[in-house]
Amino acid sequence: MNLFKRLMCYSRRHSPWLFHMNSGSCNGCDIELVASLTPRYDAEQLGVRLEGSPRHADILCITGPVTKNAVNAIRTVYGQVCGPKAVVAIGSCPATTNVFIDSRTLDGPLDKHIPVDVFVPGCPPRPDAIIQGVVKAAQILAERGNNPPQSEIAIATVSGEELP
Amino acid sequence: MNIATALARLLIFPGLLFAVPAAWFFLWVERKAVALMQDRVGPPFMQPFFDFVKLLGKSTPPRVGIAGALMKAWPLIAVSAAAGAVGLLPVLPSSGGFEGDLILLLALLELPSMCIIAAGFSSRSIFGEIGSAREAALSVSYNIVFLLAIVSIAASQHTFRLEALAALPYSPMRLLGIAAILVCLPAKLHLNPFSLPNAEQEIYSGPMTEYAGPELAMWELSHGLEWVAATGLVATFVAPHVTLWWLAAFLFVALSFAIVLLLSTLAAATARLAIDTTVRFYWQCTLIFAVLAISSALLMRFRS
């Protein structure tokens, strides 16, 4: 039984499938997320796969400052991802709503609506930081299993880069 | 073929005990070949196995009623049909078989595709329905060529018994038939020029959109087993007849591997075609050759 648990934990860590969702992003973070799958960064080495359906995903990657229109969609998609799951907020927008703060069209930041596990700050963050964030989220997910998410939050940055 | 050898073929070689690791291996080869073609490193060797274990540990959305029960049943039917198809392949010399096992093999090879169509429609998702409609259109197009090619091989050799067909010497008819089967394989395995039903990102995941967790793991496994069965069918037609059992098994694995590499390279080198282009390709370009093959096979049969 213990062996099976360890195998499951190891598999969860080594096969994070992503679903990417844009909640009003300027597309900067979106292309960086796609860039992390290109030959230069090649996130597939770590088992990462960008999935077409939220049902298949383990990790929900959300970009954008969460517009009012996107709130219901975010809640629906978060519900559609089957557990165990983790959420990665990519870019400064979902973390703080960034330069769009106090806009009347926004209802951010993201953690007002769903529990976020990893923030990847940056405008946009580098692909290496996104990959590090995804790996951290996969680790959190493997350790947590089917238990409900806790309040501890990880922040992923490229090593050497200063946090604002 | 008595019940013991039948069970051994279904469960051990070339059945489940061989086919499941082979399915994971072929899935890995497919992804790795695409990665290498794109100058990437690609996934580690155990990746399909990790994916499978991880999917087994995920939860599934609650499914109610008959549609829910059907949705749970389709992937299991697909896996068992594909495993049965692998078990029928005459890999080892004098492995038995029965008159007409080619027809059963073709039926079993067709079942996973039928299950995919049914799964998409029973999921009631709009993307699933689009994917299923595409799969149905694709299946009607390539199956004519696929079946005509196999029937022409069988008709020219006067038998529907796989082992007898595999043991016969090469003929131009057989080579033409093998070429026609190879043209159909990318569509049968949903590979890139014809990856329409599960067109990633374009229609979410097609018929698989609503599937999650262990059910999705079964779909992945059935896809891998389809790889083993379809490439194995070509390998049995291509392989020269040898009497040593280990050489026969080695040749089977090596030839299957070569076909997997060929198909994955083709998948990496091409982009997805639209559904009308695909249907036109099969009906206009390849159907002529299939009709030529079957008519010359029948003519040869009348002459002899």
Side-chain angles (χ1 to χ4, degrees), chain A residues 1 3-22 30 33-59 76-86 131 138 141-148, chain B residues 24 27-28 30-32 34-63 71 120 123 125-128 130-131 195 197-217 219-220 268:
Chain A
M1 194 59 209
L3 185 75
F4 183 74
K5 260 187 187 162
R6 269 168 53 200
L7 177 66
M8 181 65 76
C9 188
Y10 192 81
S11 303
R12 279 176 179 156
R13 220 152 22 96
H14 286 79
S15 133
W17 290 6
L18 315 180
F19 182 75
H20 170 219
M21 191 177 176
N22 180 329
D30 305 332
L33 176 64
V34 178
S36 65
L37 300 166
T38 53
R40 188 171 181 88
Y41 296 97
D42 190 22
E44 205 188 4
Q45 284 176 53
L46 307 166
V48 173
R49 230 166 89 168
L50 196 61
E51 280 295 321
S53 163
R55 289 275 192 229
H56 303 181
D58 307 294
I59 296 173
T76 312
V77 170
Y78 182 75
Q80 281 171 340
V81 178
C82 295
K85 57 190 164 188
I131 294 173
L141 177 124
E143 282 157 19
R144 189 168 65 203
N146 280 317
N147 305 324
Chain B
W24 287 328
L27 287 176
W28 174 74
E30 180 196 354
R31 284 173 73 177
K32 185 82 174 176
V34 173
L36 290 179
M37 284 281 284
Q38 294 172 346
D39 201 15
R40 291 190 284 125
V41 176
F45 181 67
M46 297 287 275
Q47 191 60 50
F49 174 69
F50 291 148
D51 289 347
F52 185 79
V53 173
K54 177 208 73 177
L55 285 173
L56 284 187
K58 274 179 85 74
S59 62
T60 43
R63 306 209 188 286
M71 274 188 81
S123 75
S125 146
I126 181 85
F127 306 107
I130 295 173
S195 64
N198 54 346
E200 314 90 41
Q201 313 294 341
E202 186 186 325
I203 46 169
Y204 292 85
S205 300
M208 307 294 120
T209 303
E210 278 296 316
Y211 278 95
E215 297 160 356
L216 188 64
W219 280 124
E220 293 270 319

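Chain identifiers are assigned alphabetically (A, B, ...) following the order of the sequence lines, protein sequences preceding nucleic acid strands; residue numbering begins at 1 within each chain.
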- [ ] Check each atom of A57(A) against the heavy atoms of chain B and say whether the ones under 4.5 Å are side chain, backbone, both or neither.
- [x] backbone
Task: Short side-chain to backbone donor-acceptor contact, T209(B) and G206(B), under 3.5 Å - done: yes
Open item on the list: Keeping D42(A) on the side-chain end and R40(B) on the backbone end, is there a donor-acceptor pair under 3.5 Å?
Closed with: no
Open item on the list: Below 30° counts as parallel, above 60° as perpendicular, anything between as tilted: where do the rings of F50(B) and Y10(A) land?
Closed with: perpendicular
Open item on the list: Quick check on L141(A) against chain B: is it the side chain, the backbone, both or neither that has a heavy atom closer than 4.5 Å?
Closed with: neither
TODO: Please state whether the side chain, the backbone, both or neither of E210(B) comes within less than 4.5 Å of a heavy atom of chain A.
DONE: both
- [ ] Output the option from S125(B), A35(B), S59(B) having the highest count of non-hydrogen pairs under 4.5 Å with chain A.
- [x] S59(B)
TODO: Show your reasoning for whether salt bridge (Lys or Arg N to Asp or Glu O under 4.0 Å) applies to E220(B) and R31(B).
DONE: CA-CA 13 Å; E220(B) 293 270 319; R31(B) 284 173 73 177; over 6 Å; no
Task: Interface residue of largest heavy-atom contact number with chain B, from Q80(A), R40(A), M8(A), under 4.5 Å - done: M8(A)
Open item on the list: Report which part of M46(B) has an atom under 4.5 Å of a heavy atom belonging to chain A: side chain, backbone, both, or neither.
Closed with: neither
Task: Portion of I203(B) that has a non-hydrogen atom of chain A nearer than 4.5 angstrom - done: neither
Open item on the list: Is there a side-chain contact between P84(A) and K58(B) in this structure, where contact means two heavy atoms from C-beta onward sitting under 4.5 Å apart?
Closed with: yes
Open item on the list: Between R55(A) and E215(B), does any NZ, NE, NH1 or NH2 come within less than 4.0 Å of an OD or OE carboxylate oxygen?
Closed with: no
